[in-house]
Amino acid sequence: MLELYNTASRHQEPFEPVDGETARVYSCGPTVYDFPHIGNLRTFVLNDILCRYLAFKGWEVHHVMNITDVDDKTIAGALTQGVSLSEYTQQYTEYFFEDLETLNIKPAWKYPRATDHIKQMQTLIEKILDNGHGYEVAGNVYFDISSFADYGKLSGIEPEELGGGEYTRLDDEYDREDAGDFVLWKAAKPDEPSWDSPWGPGRPGWHIECSVMSMEYLGPTLDIHTGAVDLIFPHHENEIAQSEAATGQQFVRFWVHGEHLIVEGEKMSKSLGNFYTLRDLLKEGYSPQAIRHQLLTAHYRQQLNFTLEGLEQSERAMQRLNTFIERLPRLPLPQGSSKEAGERIDEARSNFEQVMDDDLNVPGALGVVFELIKDINTLIDAGELRDQDRVVLRDFLVQADSVLGLMTNQLEEAEREPALDEEIKALIAEREQARNDGDFARADQIRDQLTAQGIILEDTAEGTIWRRK
RNA sequence: GGCGGCGUAGCCAAGAGGUUAAGGCAGCGGUCUGCAAAACCGCUAUUCACCGGUUCGAUUCCGGUCGCCGCCUCCA
């Protein structure tokens with residue numbers, strides 16, 4: 001049974017969808033003001049693994065991820081570039097989707113945009129006001145945290161401490177009654193995009209967007225809400241307050257938070273010059289497969305120290321995986337099946353699910369896959385792998401990869417018919433003849449020529465097999 | 001100051017109160033090969049930051065020390 005660590009309880013708890021069929025998952029999506037960086041992408045990869053595994057467990061998955069396309073940063077960006085807000089956010093929204101596709105992240109069920117839900121936000125704010133949890137000051141609407149008894153429950157923050165102490169960052173921009181109160185609706189400033197509302201022209205606060213878009217598509221109670229740890233406070237705390245103040249029902253059953261990644265041991269930031277986007281890494285020649293793998297090497301609740309050396313290690317690990325997958329279908333194997341291979345694959349299948357059930361232990365799951373590869377290679381070397389084993393093995397790899405998403409392309413590619421040029425086939429045959437004749441100079445010449453074309457030859461006891469580089 | 005986490009081999013990283021402490025990368029030595037490639041075998045942590053405690057037994061639980069990181073209303 002799947003167990004997930006729930007930030008709300010600080011414990012790992014058995015999970016199943018409340019209705020037993022459909023897992024309703026909401027993830028905080030990007031604010032589309034810039035390219036996603038590698039840290040953002042780690043969180044999106046976590047969402048992906050979670051949703052893929054929920055599907056693996058047999059549930060329908062309704063995954064909603066919002067696009068925040070109106071906030072201080074997007075407004076400022078649009079102003080700087082001299083384009084409209086929607087033009088500005090549209091381009092970064094597209095970059096975001098491109099990056100998801102590059103990293104083999106499965107599309108969510110819905111990607112609602114904040115600006116398409118302004119009306120619903122106003123409705124929810126009115127509900128909050130009606131229920132006595134908010135107040136308006138000069139066109140700004142605030143949430144009154146003192147009216148919500150459970151405020152601070154998720155993050156463990158005491159409301160009394162907010163606004164006090166040396167870490168306060170309150171400014172005088174807004175007229176709040178209490179330092180901890182947060183804005184639901186912001187009155188428009190000159191030159192800012194705005195929408196009409198019962199409180200005058202303005203725009204929604206950031207937190208209200210997520211409450212509205214999650215409940216709009218998933219109902220008042222979500223099975224799982226994800227995000228990175230920095231969102232626990234204030235964002236998720238505020239979402240709970242708003243949503244439950246409006247509906248009177250539990251907002252989220254499981255809060256799943258991903259740890260940050262750091263770069264070369266330090267917090268990633270533009271000023272430190274250790275800020276990577278996916279595009280930066282691709283330009284350096286790293287493969288999307290290795291990047292995804294590197295993001296999966298640490299458990300999601302551990303900080304991941306992202307380094308270029310680590311990426312190199314992932315490249316090599318993926319090479320091992322790819323070589324295995326690509327040569328598997330071309331190995332000449334005797335008919336039948338072997339007991340030992342069957343047992344090993346069954347064991348891997350069961351271990352894989354067991355470690356993933358344990359709060360999505362992806363590094364453990366990778367260990368299971370690589371351990372199996374080693375065992376199967378040993379059987380191959382011993383001449384004990386049979387052709388039926390290969391079918392069962394491939395079935396397992398496909399199943400495991402429905403979760404990991406690391407070898408989708410390779411598995412498909414490997415199954416394709418060789419489609420080798422006649423010319424290449426002839427060269428391989430010629431090389432065979434040359435080797436038999438002892439003309440190794442000619443044989444090596446042909447091998448080098450094919451290597452240059454990206455075809456790698458391997459001489460096995462059963463004949464020469466090939467794979468692409 | 002408050003809250004959370006981490007410290008396992010050269011590097012990355014799982015892990016369990018007690019059989020051989022996964023797996024990947026790197027290294028060394030072999031096997032296979034005409035040579036390669038791929039793969040396999042062996043070696044690379046008698047030990048899990050340090051000090052106490054609980055226990056028949058702890059690296060795993062508890063307390064403390066040191067070191068590192070993150071959050072505390074921009075932040076994935």
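Values reported hereafter were calculated over all heavy atoms of this structure, with side chains retained and with hydrogens, waters and symmetry mates removed. Here is how names work: the chains are called A, B, and so on, in the same order as the sequence lines, proteins then strands, and each is numbered from 1.
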*asked:* Tell me if the CD atom of A:E340 is crowded by more than 12 foreign heavy atoms within 6.0 Å.
replied: no

Indicate, with a heavy-atom threshold strictly under 4.0 Å, whether [X] touches base, sugar-phosphate, or nothing.
| X | answer |
| --- | --- |
| A:D381 | base |
| A:E309 | sugar-phosphate |
| A:L261 | base |

*A:H236 and A:H257: side-chain donor and acceptor closer than 3.5 Å?*
yes

_Under a 3.5 Å threshold, yes or no: a donor from one side chain and an acceptor from the other, between A:N322 and A:Q289?_
yes

Under 3.5 Å, N/O pairs linking protein and nucleotides 66-70 of chain B:
from, atom 1, to, atom 2, distance (Å)
B:C69, O2', A:Q303, OE1, 2.7
B:C69, O2', A:Q303, NE2, 2.8
B:G70, O4', A:Q303, NE2, 3.1

Decide if the gap between the ring center of [X] and the ring center of [Y] is smaller than 6.0 angstrom.
| X | Y | value |
| --- | --- | --- |
| A:Y92 | A:F96 | no |
| A:H63 | A:W109 | no |
| A:Y142 | A:F182 | no |

Could you list, one pair per line, each protein nitrogen or oxygen that sits under 3.5 Å from a nitrogen or oxygen of nucleotides 41-45 of chain B, together with the distance?
none

*Please list, by residue number, the residues of residues 37-45 of chain A whose heavy atoms come closer than 4.0 Å to an atom of RNA chain B; answer none if no residue qualifies.*
A:H37, A:G39, A:N40, A:T43

*Checking side-chain contact (heavy atoms from CB on, under 4.5 Å) against A:P288, which of A:L282, A:D99, A:N104 comes through?*
A:L282

*asked:* At under 4.0 Å between heavy atoms, how does the protein contact nucleotides 25-35 of chain B? Give one character per nucleotide, 5' to 3', with B, S or -.
replied: BS-------BB

*Produce a footprint string for nucleotides 16-22 of chain B: one letter per nucleotide, 5' end first; B if the base is under 4.0 Å from any protein heavy atom, S if only the sugar-phosphate is, - if neither.*
------B

*Taking only residues two or more places apart in sequence, or in another chain, which ones meet A:S243 in a side chain to side chain contact (heavy atoms under 4.5 Å, CB included)?*
A:S211, A:M215, A:F251

